[in-house]
Amino acid sequence: MLPLQGITIVSLEQAVAAPFATRQLADLGARVIKVERPETGDFARNYDKTVKGMASHFVWINRSKESITLDLKQEEAKEVLDKLLSTADVFIQNLAPGAVDRLGFSAAELKEKYPHLIICGISGYGTSGPYMDKKAYDLLIQCEAGLVSVTGTEDTPSKSGISIADIAAGMYAYTGILTAIIARSKTGKGSILEVSMLEALAEWMGYPLYYAGYGEIEPKRTGASHATIYPYGPFVAGDQKQVFLGIQNEREWVRFCENVLKDSKLALDARFSNNSNRVSNKDMLKSIIEDAFEKMDSTQIIEQLEKAKIANARLNTVSELMDHPQLQARNRWREVESPVGNIKALLPPATFDEIDTVMNPIPAVGEHTEAILKELGFDYDVMGKCTKTSVSV
(Lines give C-alpha, C1' and ligand atoms only; values in the text may rest on other atoms or scores of the structure.)
Protein backbone atom coordinates (compact mmCIF):
# COMPACT_ATOMS: atom_id res chain seq x y z
CA MET A 1 0.00 0.00 0.00
CA LEU A 2 1.23 3.48 -0.83
CA PRO A 3 1.83 5.67 2.27
CA LEU A 4 -0.95 8.16 1.45
CA GLN A 5 -3.36 5.80 -0.26
CA GLY A 6 -6.87 6.65 0.91
CA ILE A 7 -6.00 10.31 1.61
CA THR A 8 -7.97 12.81 -0.49
CA ILE A 9 -6.64 16.31 -1.04
CA VAL A 10 -8.71 19.11 -2.54
CA SER A 11 -6.61 21.99 -3.80
CA LEU A 12 -7.56 25.47 -4.98
CA GLU A 13 -4.13 25.89 -6.47
CA GLN A 14 -2.30 27.88 -9.08
CA ALA A 15 1.24 28.62 -10.25
CA VAL A 16 3.94 26.91 -8.19
CA ALA A 17 3.81 26.77 -4.38
CA ALA A 18 0.61 24.77 -3.74
CA PRO A 19 0.90 22.60 -6.88
CA PHE A 20 4.48 21.70 -5.89
CA ALA A 21 3.25 20.59 -2.45
CA THR A 22 0.31 18.58 -3.77
CA ARG A 23 2.31 16.86 -6.51
CA GLN A 24 4.61 15.46 -3.86
CA LEU A 25 1.62 14.24 -1.88
CA ALA A 26 0.29 12.63 -5.07
CA ASP A 27 3.69 10.97 -5.55
CA LEU A 28 3.03 9.13 -2.27
CA GLY A 29 -0.41 7.91 -3.30
CA ALA A 30 -2.76 10.68 -2.20
CA ARG A 31 -5.72 11.46 -4.42
CA VAL A 32 -5.29 15.10 -5.42
CA ILE A 33 -8.31 16.88 -6.88
CA LYS A 34 -7.15 20.11 -8.51
CA VAL A 35 -9.89 22.74 -8.72
CA GLU A 36 -9.38 25.01 -11.73
CA ARG A 37 -11.15 27.84 -13.49
CA PRO A 38 -13.38 26.79 -16.39
CA GLU A 39 -11.69 26.85 -19.81
CA THR A 40 -8.39 28.50 -18.84
CA GLY A 41 -7.55 26.53 -15.70
CA ASP A 42 -4.43 27.18 -13.63
CA PHE A 43 -2.76 30.22 -15.22
CA ALA A 44 0.59 28.41 -15.09
CA ARG A 45 -0.73 26.23 -17.92
CA ASN A 46 -0.05 29.20 -20.20
CA TYR A 47 3.39 30.33 -19.02
CA ASP A 48 5.01 28.87 -22.16
CA LYS A 49 4.57 26.08 -24.73
CA THR A 50 8.00 24.48 -24.59
CA VAL A 51 7.00 20.92 -23.65
CA LYS A 52 5.23 19.68 -26.76
CA GLY A 53 2.89 22.66 -26.47
CA MET A 54 2.48 22.51 -22.68
CA ALA A 55 4.06 24.85 -20.12
CA SER A 56 7.26 23.66 -18.45
CA HIS A 57 6.16 24.80 -14.97
CA PHE A 58 2.83 23.01 -15.29
CA VAL A 59 4.31 19.74 -16.55
CA TRP A 60 6.79 19.72 -13.67
CA ILE A 61 4.32 19.97 -10.79
CA ASN A 62 0.94 18.64 -11.92
CA ARG A 63 1.26 14.96 -12.73
CA SER A 64 -0.89 12.36 -10.94
CA LYS A 65 -3.75 14.80 -10.28
CA GLU A 66 -7.42 14.97 -11.24
CA SER A 67 -8.68 18.26 -12.66
CA ILE A 68 -12.18 19.58 -12.02
CA THR A 69 -13.30 22.98 -13.31
CA LEU A 70 -15.65 25.04 -11.15
CA ASP A 71 -16.79 28.63 -11.47
CA LEU A 72 -16.79 29.46 -7.79
CA LYS A 73 -18.72 32.65 -8.38
CA GLN A 74 -21.72 30.39 -8.90
CA GLU A 75 -23.58 28.97 -5.88
CA GLU A 76 -23.91 25.56 -7.54
CA ALA A 77 -20.13 25.34 -7.88
CA LYS A 78 -19.65 26.30 -4.23
CA GLU A 79 -22.03 23.49 -3.31
CA VAL A 80 -19.84 21.05 -5.25
CA LEU A 81 -16.68 22.28 -3.52
CA ASP A 82 -18.38 22.00 -0.15
CA LYS A 83 -19.39 18.40 -0.91
CA LEU A 84 -15.80 17.63 -1.93
CA LEU A 85 -14.48 19.07 1.34
CA SER A 86 -16.99 17.12 3.41
CA THR A 87 -15.21 13.88 2.58
CA ALA A 88 -11.67 15.23 1.98
CA ASP A 89 -8.75 14.85 4.35
CA VAL A 90 -6.85 17.98 3.31
CA PHE A 91 -7.80 21.34 1.82
CA ILE A 92 -4.95 23.47 0.48
CA GLN A 93 -5.15 26.82 -1.29
CA ASN A 94 -2.85 29.57 -2.46
CA LEU A 95 -5.32 32.08 -3.86
CA ALA A 96 -4.88 35.85 -3.48
CA PRO A 97 -5.13 37.20 0.10
CA GLY A 98 -8.69 36.95 1.40
CA ALA A 99 -10.07 35.29 -1.74
CA VAL A 100 -10.97 31.97 -0.15
CA ASP A 101 -12.63 33.76 2.77
CA ARG A 102 -14.80 35.80 0.40
CA LEU A 103 -15.89 32.57 -1.27
CA GLY A 104 -17.15 31.32 2.10
CA PHE A 105 -14.43 28.75 2.74
CA SER A 106 -12.34 30.41 5.45
CA ALA A 107 -10.22 28.20 7.67
CA ALA A 108 -12.28 29.10 10.75
CA GLU A 109 -15.57 28.20 9.04
CA LEU A 110 -14.22 24.94 7.65
CA LYS A 111 -12.72 23.90 11.00
CA GLU A 112 -16.08 24.31 12.70
CA LYS A 113 -17.94 22.52 9.93
CA TYR A 114 -15.41 19.72 9.29
CA PRO A 115 -13.26 19.17 12.40
CA HIS A 116 -11.45 16.26 10.73
CA LEU A 117 -10.18 18.46 7.88
CA ILE A 118 -6.56 19.56 7.60
CA ILE A 119 -6.57 23.09 6.19
CA CYS A 120 -3.44 24.62 4.68
CA GLY A 121 -3.15 28.13 3.31
CA ILE A 122 -0.11 29.41 1.43
CA SER A 123 0.36 33.16 1.08
CA GLY A 124 3.07 35.67 0.38
CA TYR A 125 3.31 37.23 3.83
CA GLY A 126 0.90 35.43 6.14
CA THR A 127 -2.59 36.20 7.43
CA SER A 128 -1.65 39.07 9.74
CA GLY A 129 0.75 41.99 9.88
CA PRO A 130 1.18 45.09 7.71
CA TYR A 131 2.15 43.07 4.61
CA MET A 132 -0.85 40.72 4.84
CA ASP A 133 -2.62 42.08 1.74
CA LYS A 134 0.50 42.89 -0.26
CA LYS A 135 0.81 41.13 -3.61
CA ALA A 136 3.57 38.55 -3.64
CA TYR A 137 5.43 37.02 -6.55
CA ASP A 138 8.54 34.91 -6.33
CA LEU A 139 10.95 37.69 -7.38
CA LEU A 140 9.41 40.13 -4.90
CA ILE A 141 9.70 37.66 -2.01
CA GLN A 142 13.34 37.00 -2.97
CA CYS A 143 13.89 40.75 -2.64
CA GLU A 144 12.04 41.12 0.67
CA ALA A 145 13.87 38.11 2.14
CA GLY A 146 17.26 39.58 1.28
CA LEU A 147 18.14 36.76 -1.11
CA VAL A 148 18.74 39.10 -4.04
CA SER A 149 21.14 41.15 -1.89
CA VAL A 150 23.48 38.16 -1.51
CA THR A 151 23.05 36.65 -4.99
CA GLY A 152 24.87 37.84 -8.10
CA THR A 153 28.11 39.71 -8.65
CA GLU A 154 29.52 42.61 -6.67
CA ASP A 155 28.01 45.02 -9.19
CA THR A 156 24.79 43.21 -10.04
CA PRO A 157 22.31 41.80 -7.50
CA SER A 158 20.43 38.89 -9.07
CA LYS A 159 17.46 36.70 -8.32
CA SER A 160 17.71 32.94 -8.19
CA GLY A 161 17.20 31.34 -11.59
CA ILE A 162 14.40 29.15 -10.22
CA SER A 163 11.25 29.99 -8.24
CA ILE A 164 12.99 29.43 -4.94
CA ALA A 165 10.47 31.27 -2.73
CA ASP A 166 7.59 29.26 -4.19
CA ILE A 167 9.56 26.03 -3.84
CA ALA A 168 10.46 26.78 -0.22
CA ALA A 169 6.81 27.49 0.64
CA GLY A 170 5.68 24.35 -1.21
CA MET A 171 8.17 22.21 0.69
CA TYR A 172 6.98 23.50 4.08
CA ALA A 173 3.34 23.03 3.06
CA TYR A 174 4.16 19.45 2.02
CA THR A 175 5.95 18.59 5.26
CA GLY A 176 3.40 20.51 7.33
CA ILE A 177 0.53 18.53 5.83
CA LEU A 178 2.36 15.26 6.48
CA THR A 179 2.87 16.37 10.09
CA ALA A 180 -0.84 17.21 10.41
CA ILE A 181 -1.80 13.79 9.02
CA ILE A 182 0.38 12.11 11.65
CA ALA A 183 -1.08 14.35 14.38
CA ARG A 184 -4.65 13.54 13.29
CA SER A 185 -3.91 9.82 13.51
CA LYS A 186 -3.23 10.41 17.21
CA THR A 187 -5.91 12.98 18.08
CA GLY A 188 -8.60 12.41 15.46
CA LYS A 189 -8.69 16.14 14.83
CA GLY A 190 -7.66 18.18 11.82
CA SER A 191 -5.37 21.20 11.91
CA ILE A 192 -5.10 24.65 10.43
CA LEU A 193 -1.66 25.50 9.15
CA GLU A 194 -0.38 28.41 7.17
CA VAL A 195 2.84 28.87 5.26
CA SER A 196 4.09 32.22 4.07
CA MET A 197 6.60 32.49 1.26
CA LEU A 198 8.52 35.18 3.16
CA GLU A 199 8.86 33.07 6.31
CA ALA A 200 9.81 29.98 4.31
CA LEU A 201 12.57 31.78 2.45
CA ALA A 202 13.67 33.64 5.60
CA GLU A 203 14.35 30.23 7.14
CA TRP A 204 16.56 29.35 4.18
CA MET A 205 18.41 32.64 4.69
CA GLY A 206 19.61 31.46 8.12
CA TYR A 207 23.36 31.71 7.57
CA PRO A 208 23.31 35.23 6.07
CA LEU A 209 20.90 36.34 8.81
CA TYR A 210 23.27 35.30 11.59
CA TYR A 211 26.31 36.53 9.70
CA ALA A 212 24.85 40.01 9.22
CA GLY A 213 22.84 40.21 12.43
CA TYR A 214 25.67 39.29 14.77
CA GLY A 215 28.71 40.11 12.66
CA GLU A 216 27.26 43.50 11.66
CA ILE A 217 28.65 42.97 8.14
CA GLU A 218 26.45 42.21 5.16
CA PRO A 219 27.59 39.11 3.20
CA LYS A 220 29.16 40.20 -0.07
CA ARG A 221 27.85 39.14 -3.45
CA THR A 222 30.54 36.96 -4.95
CA GLY A 223 28.97 35.46 -8.06
CA ALA A 224 29.56 31.72 -8.06
CA SER A 225 32.19 32.02 -5.34
CA HIS A 226 31.57 31.85 -1.59
CA ALA A 227 31.43 34.97 0.56
CA THR A 228 33.27 33.41 3.52
CA ILE A 229 35.22 30.38 2.21
CA TYR A 230 38.19 30.34 -0.20
CA PRO A 231 39.09 28.78 -2.57
CA TYR A 232 35.45 27.94 -3.34
CA GLY A 233 33.93 28.48 -6.77
CA PRO A 234 35.00 28.74 -10.42
CA PHE A 235 38.55 28.79 -11.81
CA VAL A 236 39.57 28.97 -15.46
CA ALA A 237 41.46 26.01 -16.93
CA GLY A 238 43.93 26.02 -19.81
CA ASP A 239 41.16 25.16 -22.28
CA GLN A 240 39.22 28.23 -21.03
CA LYS A 241 36.54 26.09 -19.41
CA GLN A 242 35.56 26.70 -15.81
CA VAL A 243 36.22 24.15 -13.09
CA PHE A 244 34.40 24.54 -9.77
CA LEU A 245 36.00 23.38 -6.53
CA GLY A 246 35.57 23.82 -2.82
CA ILE A 247 38.10 23.63 0.02
CA GLN A 248 36.34 23.02 3.33
CA ASN A 249 39.18 22.50 5.82
CA GLU A 250 42.94 22.75 6.29
CA ARG A 251 43.60 19.09 5.46
CA GLU A 252 42.04 19.62 2.05
CA TRP A 253 44.02 22.82 1.57
CA VAL A 254 47.29 20.98 2.16
CA ARG A 255 46.31 18.19 -0.26
CA PHE A 256 45.24 20.74 -2.85
CA CYS A 257 48.58 22.51 -2.70
CA GLU A 258 50.63 19.33 -2.75
CA ASN A 259 48.72 17.21 -5.27
CA VAL A 260 46.98 19.66 -7.58
CA LEU A 261 49.02 22.87 -7.53
CA LYS A 262 52.23 20.88 -7.01
CA ASP A 263 53.45 23.46 -4.50
CA SER A 264 53.65 22.11 -0.97
CA LYS A 265 55.28 25.33 0.30
CA LEU A 266 52.13 27.28 -0.56
CA ALA A 267 50.24 25.43 2.16
CA LEU A 268 52.58 26.95 4.76
CA ASP A 269 52.48 30.48 3.37
CA ALA A 270 51.21 32.77 6.16
CA ARG A 271 48.99 34.65 3.68
CA PHE A 272 47.00 31.47 3.07
CA SER A 273 47.58 29.48 6.25
CA ASN A 274 43.89 29.44 7.28
CA ASN A 275 40.54 30.17 5.67
CA SER A 276 40.27 33.72 7.04
CA ASN A 277 43.67 34.61 5.57
CA ARG A 278 42.78 33.00 2.26
CA VAL A 279 39.57 35.04 2.07
CA SER A 280 41.48 38.23 2.88
CA ASN A 281 44.04 37.48 0.15
CA LYS A 282 41.77 35.74 -2.32
CA ASP A 283 42.67 37.92 -5.33
CA MET A 284 46.31 37.00 -4.94
CA LEU A 285 45.48 33.33 -4.39
CA LYS A 286 43.16 33.25 -7.39
CA SER A 287 46.04 34.32 -9.65
CA ILE A 288 48.30 31.60 -8.22
CA ILE A 289 45.65 28.91 -8.72
CA GLU A 290 44.78 29.96 -12.27
CA ASP A 291 48.47 30.21 -13.22
CA ALA A 292 48.79 26.56 -12.22
CA PHE A 293 45.50 25.60 -13.91
CA GLU A 294 46.58 27.26 -17.17
CA LYS A 295 49.01 24.38 -17.70
CA MET A 296 46.13 21.83 -17.67
CA ASP A 297 42.81 21.45 -19.42
CA SER A 298 39.57 21.12 -17.44
CA THR A 299 39.47 17.32 -17.69
CA GLN A 300 43.03 17.00 -16.33
CA ILE A 301 42.27 19.37 -13.46
CA ILE A 302 39.17 17.42 -12.46
CA GLU A 303 41.19 14.19 -12.57
CA GLN A 304 43.78 15.75 -10.24
CA LEU A 305 41.08 17.08 -7.91
CA GLU A 306 39.46 13.64 -7.77
CA LYS A 307 42.78 11.98 -6.89
CA ALA A 308 43.33 14.55 -4.13
CA LYS A 309 39.74 14.03 -2.90
CA ILE A 310 38.88 17.68 -3.41
CA ALA A 311 35.20 18.45 -4.10
CA ASN A 312 34.71 19.60 -7.68
CA ALA A 313 32.14 19.98 -10.46
CA ARG A 314 31.76 20.80 -14.11
CA LEU A 315 29.54 23.69 -15.11
CA ASN A 316 26.69 21.86 -16.84
CA THR A 317 24.04 23.52 -18.91
CA VAL A 318 20.42 22.71 -18.07
CA SER A 319 20.23 20.61 -21.22
CA GLU A 320 23.27 18.64 -20.06
CA LEU A 321 21.50 17.91 -16.78
CA MET A 322 18.88 15.93 -18.70
CA ASP A 323 21.65 13.61 -19.89
CA HIS A 324 23.63 13.61 -16.64
CA PRO A 325 25.44 10.26 -16.33
CA GLN A 326 24.61 9.95 -12.63
CA LEU A 327 20.89 10.34 -13.24
CA GLN A 328 21.14 7.82 -16.07
CA ALA A 329 23.11 5.32 -14.00
CA ARG A 330 20.61 5.51 -11.14
CA ASN A 331 17.65 5.14 -13.51
CA ARG A 332 15.99 8.33 -12.27
CA TRP A 333 13.97 9.11 -15.41
CA ARG A 334 10.46 7.84 -16.11
CA GLU A 335 7.76 8.77 -18.59
CA VAL A 336 4.35 10.15 -17.69
CA GLU A 337 1.33 10.52 -19.93
CA SER A 338 -0.08 13.93 -20.77
CA PRO A 339 -2.61 15.47 -23.17
CA VAL A 340 0.27 15.90 -25.65
CA GLY A 341 1.86 12.46 -25.29
CA ASN A 342 4.48 10.92 -23.03
CA ILE A 343 6.86 13.29 -21.25
CA LYS A 344 10.05 12.55 -19.32
CA ALA A 345 9.82 13.02 -15.55
CA LEU A 346 12.32 12.61 -12.74
CA LEU A 347 11.56 10.37 -9.82
CA PRO A 348 11.19 12.28 -6.53
CA PRO A 349 14.48 12.64 -4.60
CA ALA A 350 13.35 10.51 -1.62
CA THR A 351 13.95 6.91 -2.65
CA PHE A 352 12.35 4.12 -0.59
CA ASP A 353 13.30 0.47 -0.64
CA GLU A 354 9.72 -0.86 -0.60
CA ILE A 355 7.55 2.09 -1.64
CA ASP A 356 6.86 2.90 -5.27
CA THR A 357 6.22 6.40 -6.57
CA VAL A 358 3.00 7.32 -8.35
CA MET A 359 3.76 8.68 -11.82
CA ASN A 360 0.28 9.10 -13.29
CA PRO A 361 -0.76 11.42 -16.15
CA ILE A 362 -0.80 15.21 -16.25
CA PRO A 363 -4.47 16.23 -16.56
CA ALA A 364 -6.08 18.39 -19.20
CA VAL A 365 -8.18 21.31 -17.94
CA GLY A 366 -11.32 19.85 -16.35
CA GLU A 367 -10.53 16.34 -17.58
CA HIS A 368 -12.15 14.71 -14.55
CA THR A 369 -15.01 17.17 -13.98
CA GLU A 370 -17.80 14.92 -15.19
CA ALA A 371 -16.53 11.84 -13.34
CA ILE A 372 -16.07 13.68 -10.04
CA LEU A 373 -19.47 15.35 -10.27
CA LYS A 374 -21.15 11.99 -10.90
CA GLU A 375 -19.24 10.55 -7.94
CA LEU A 376 -20.65 13.36 -5.78
CA GLY A 377 -24.18 13.00 -7.16
CA PHE A 378 -24.17 16.01 -9.49
CA ASP A 379 -24.84 16.33 -13.22
CA TYR A 380 -22.93 18.60 -15.56
CA ASP A 381 -24.81 20.06 -18.55
CA VAL A 382 -23.37 21.35 -21.80
CA MET A 383 -23.25 24.94 -20.49
CA GLY A 384 -20.86 23.91 -17.74
CA LYS A 385 -23.29 24.50 -14.89
CA CYS A 386 -23.71 22.12 -11.99
CA THR A 387 -27.18 20.90 -11.11
CA LYS A 388 -27.97 18.84 -8.07
CA THR A 389 -29.55 15.42 -8.56
CA SER A 390 -29.27 13.31 -5.46
CA VAL A 391 -26.76 14.51 -2.92
CA SER A 392 -26.64 13.42 0.68
CA VAL A 393 -24.28 15.69 2.60
Side-chain angles (χ1 to χ4, degrees), residues 8-22 32-46 65 67-138 140-141 165-166 169-170 173 176-177 180 190-200 365-366 369 372-373 376 378 380 383-388 391 393:
T8 297
I9 295 163
V10 175
S11 185
L12 280 177
E13 60 180 31
Q14 56 193 3
V16 177
F20 185 52
T22 57
V32 176
I33 300 175
K34 181 183 181 78
V35 180
E36 301 189 71
R37 293 180 180 180
E39 298 182 2
T40 57
D42 181 342
F43 59 73
R45 286 181 179 271
N46 300 306
K65 300 179 184 179
S67 171
I68 180 173
T69 52
L70 295 175
D71 179 0
L72 292 173
K73 294 178 182 179
Q74 306 298 323
E75 289 304 316
E76 296 93 337
K78 291 181 182 180
E79 188 176 356
V80 173
L81 178 58
D82 188 65
K83 183 63 187 291
L84 276 173
L85 294 176
S86 70
T87 58
D89 298 281
V90 179
F91 175 51
I92 179 172
Q93 61 85 20
N94 67 329
L95 302 186
V100 75
D101 294 21
R102 291 191 293 273
L103 290 171
F105 296 94
S106 71
E109 291 174 291
L110 290 177
K111 182 179 181 180
E112 183 175 351
K113 195 171 184 180
Y114 305 121
H116 71 282
L117 190 63
I118 294 164
I119 304 157
C120 177
I122 302 175
S123 62
Y125 296 99
T127 55
S128 61
Y131 280 41
M132 177 178 68
D133 295 322
K134 189 177 177 70
K135 283 190 174 182
Y137 301 126
D138 189 88
L140 310 180
I141 297 295
D166 280 309
I177 288 168
S191 306
I192 296 175
L193 62 140
E194 63 170 301
V195 178
S196 92
M197 293 165 66
L198 176 66
E199 289 159 8
V365 178
T369 301
I372 293 172
L373 290 176
L376 296 175
F378 290 84
Y380 194 71
M383 298 301 293
K385 295 181 180 179
C386 306
T387 53
K388 188 174 180 181
V391 182
V393 180

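The basis for the numbers below is simple: all heavy atoms, side chains too, and nothing from hydrogens, waters or symmetry mates. Worth saying up front: this structure is predicted, and the values here are computed from it rather than measured.
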S.K.: With side chains defined as the heavy atoms from C-beta onward, is the minimum distance between F20 and I122 less than 4.5 Å?
M.R.: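 Side-chain contact under 4.5 Å: no.
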S.K.: A side-chain contact here means heavy atoms from C-beta on lying under 4.5 Å apart; do I372 and V80 qualify?
M.R.: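 A side-chain contact is absent here, since even the closest heavy-atom pair is not under 4.5 Å.
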S.K.: With a 4.5 Å cut-off on side-chain heavy atoms, are L12 and F91 touching?
M.R.: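 Yes. Closest side-chain heavy atoms under 4.5 Å.
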S.K.: Once rounded to the nearest 0.5 Å, what's the spacing between atom NZ of K111 and atom OG of S191?
M.R.: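 Here the interatomic distance stands at 8.0 Å.
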S.K.: Return each pair, listed once, that meets side-chain hydrogen bond (donor to acceptor under 3.5 Å, both in side chains) where at least one residue sits in residues 36-45; pairs must be two or more places apart or across chains.
M.R.: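 Sorted pair list: K34-D42, E36-R45, E36-S67.
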S.K.: Are there over 12 heavy-atom neighbours, none belonging to F43, within less than 6.0 Å of that residue's CZ?
M.R.: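 It does: F43 CZ has more than 12 such atoms within range.
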S.K.: Side chains of S11 and K65: does their closest heavy-atom pair fall under 4.5 Å?
M.R.: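 Of all side-chain heavy-atom pairs linking K65 with S11, none is under 4.5 Å.
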S.K.: Check whether D138 reaches the backbone of D166 with its side chain - one donor and one acceptor, N or O, closer than 3.5 Å.
M.R.: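 Yes: the side chain of D138 pairs with the backbone of D166.
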S.K.: Give a yes or no on this: more than 12 heavy atoms of other residues, nucleotides or ligands lie within 6.0 Å of atom NZ of K78.
M.R.: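 Counting neighbours around NZ of K78, more than 12 heavy atoms of other residues, nucleotides or ligands fall under 6.0 Å, so yes.
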S.K.: Using atom types as modelled and distance alone, determine if a side-chain donor or acceptor of H116 lies under 3.5 Å from a backbone N or O of A88.
M.R.: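 Between the backbone of A88 and the side chain of H116 there is a qualifying donor-acceptor contact (under 3.5 Å).
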S.K.: For the pair E199 (side chain) and G126 (backbone), establish whether a donor and an acceptor sit closer than 3.5 Å, ignoring hydrogens and angles.
M.R.: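 No; zero donor-acceptor contacts below 3.5 Å.
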S.K.: Using only atom types and a distance under 3.5 Å, with no angle test, would you say the side chain of D89 pairs donor to acceptor with the backbone of I118?
M.R.: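 Checking the backbone N and O of I118 against the side chain of D89, no donor-acceptor pair under 3.5 Å is found.
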S.K.: Look only at the side chain of K83 and the backbone of F378, and say whether a donor-acceptor pair between them is shorter than 3.5 Å.
M.R.: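 No: the side chain of K83 does not pair with the backbone of F378.
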S.K.: Counting only N and O atoms by type, is there a donor-acceptor contact under 3.5 Å from the side chain of S123 to the main-chain atoms of P97?
M.R.: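 Flag not set: sc S123 to bb P97 has no pair under 3.5 Å.
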S.K.: In this structure, which one of V90, V10, I92 forms a side chain to side chain contact (heavy atoms under 4.5 Å, CB included) with T22?
M.R.: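 Of the listed residues V90, V10, I92, the side chain to side chain contact (heavy atoms under 4.5 Å, CB included) partner of T22 is I92.
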S.K.: Between the side chain of Q74 and the main-chain N/O of E76, is any donor-acceptor distance below 3.5 Å?
M.R.: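 A pair under 3.5 Å: no.
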S.K.: Would you please name every residue forming a side chain to side chain contact (heavy atoms under 4.5 Å, CB included) with K113, sequence neighbours left out?
M.R.: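 Here the qualifying residues are D82.
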